[in-house]
Amino acid sequence: MRTTTALPVLTLDLAGLRATKIAVDGAKVAKFAQRGTKLVITPKAALAADTPVVLDIRYEGNPSPLASAWGEVGWEELDDGVLVAGQPTGAPSWFPCNDHPSHKSSYRISISTDAGYRAVCNGSLVGHTTKSSRETWVYEQAEPMASYLATVQIGRYELAELAGGAHAHSGAGSTPGSLGVPIHAAVPVVLLVDAATALAHQRAMMDTFVQCFGPYPFRGYTVVVTEDELEIPLEAQTVSIFGRNHLSTSWEAQRLIAHELSHQWFGNSLTAGSWRDIWLHEGFACYAEWLWSEECGAGSTDSRARAAHLMLDTLPKDLVIGDPGPELMFDDRVYKRGALALHALRCVVGDGLFFTVLRSWSAEHRHGTVDTPAFAALASRVCASVDGFDAEALLKPWLYGTALPSFPGS
Ligand SMILES: [Zn+2]
């Protein structure tokens, strides 16, 4: 780590596990204490500002899920394996960290499992060894990653490469740049056939999103399918996790497969510095679903947007999606209305500038930390040629008002 300010005391997050030994730059620390979910470390001398520091924390215990306002999060056991659902506050269930979306780091994760299991973590597999009845898997995530996106998935998974599948609609054509991204599925043997069917369009989704959002921001993408049913799919950096119940060719399943992939750009590469800007993840991912809908012939983006607007009109209009508060940060209105804010932008500036905005946004803030004012500023700059256009004013009623603006363009 590198300190940003002088630190007499360091506070990290760690829940349900016990720290046993801590060293700062090789020297045993004076003292440390665990209070609730906080790990408070007092080095022998205060750490100076803007200084590189090696912090070595040994800890132990049996990780378990953490109760939260959003249900159980973090490390949890499957019938035959392990799943990590880090978003938004689950990371401290398995490692000590500063569990804040603005705190990004590179990661190296080494994990030993019983033989016959595969561990899937973030980034690239850089080592795999088998010793008697244990297998060790080592992954490196070189690009910066927020703690909630760190993951370990363990199961009796077979790894299959997803090649170019049937492209339902030829509109996007081939997109150089996505072809080199390795896409894999980690799936229990019994689900391999179902997964091949349900994920047949994964490569085409990748092509579509590369065209709409710019180059894929990481070195690979792995879809994990658990043998258990899961209530909702999850995103992690370079990995998405689905339950067996999501292996369907229905729109409801396909939209989720598209949604999770798009989070690699919006959420994982470009991460909101504060959860209040969650629409920058979920509104964009919802819009990605609608883009894929049009691409695969399941309904135009505009028709999806209209349906969402009609639906939102039937729901209470009391949520400010630009600051929904912790309880409602995953409310469906944040997703749909966030996507409609983007559709409103597109309707005003036109397709050419709109997609230039999305690609510039992805490129200029690649692997970075973002907020809503930065998006508005970028959109205003990119669309400066549109007479009198002000992105902040356009987005304001969608993001910071409660009344539902009329459908864009109507
Ligand atoms: Zn999402």
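The figures here come from the full heavy-atom set of this structure, side chains too, leaving out hydrogens, waters and symmetry mates. For ligands, and for the atoms within them, numbers begin at 1 and follow the listed sequence.
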Could you point out which residue of Ile22, Leu47, Leu7, Thr11 forms a side-chain contact (heavy atoms from CB on, under 4.5 Å) with Ile41?
Ile22
So does His281 have any N/O/S atom less than 2.8 Å away from the Zn ion (ligand 1)?
no
Heteroatom N/O/S of His259 within less than 2.8 Å of the Zn ion (ligand 1):
yes
Hey, is the Zn ion (ligand 1) within less than 2.8 Å of some N/O/S atom on Glu282?
yes
Is there a donor-acceptor contact under 3.5 Å linking the side chains of Asn122 and Thr238?
no
If you count every heavy atom of other residues, nucleotides or ligands that lies below 6.0 Å from Arg2 atom CZ, does the total exceed 12?
yes
Distance in Å, Arg337 CZ paired with Leu312 CG, rounded so as to fall on 0.5 Å steps:
7.5 Å
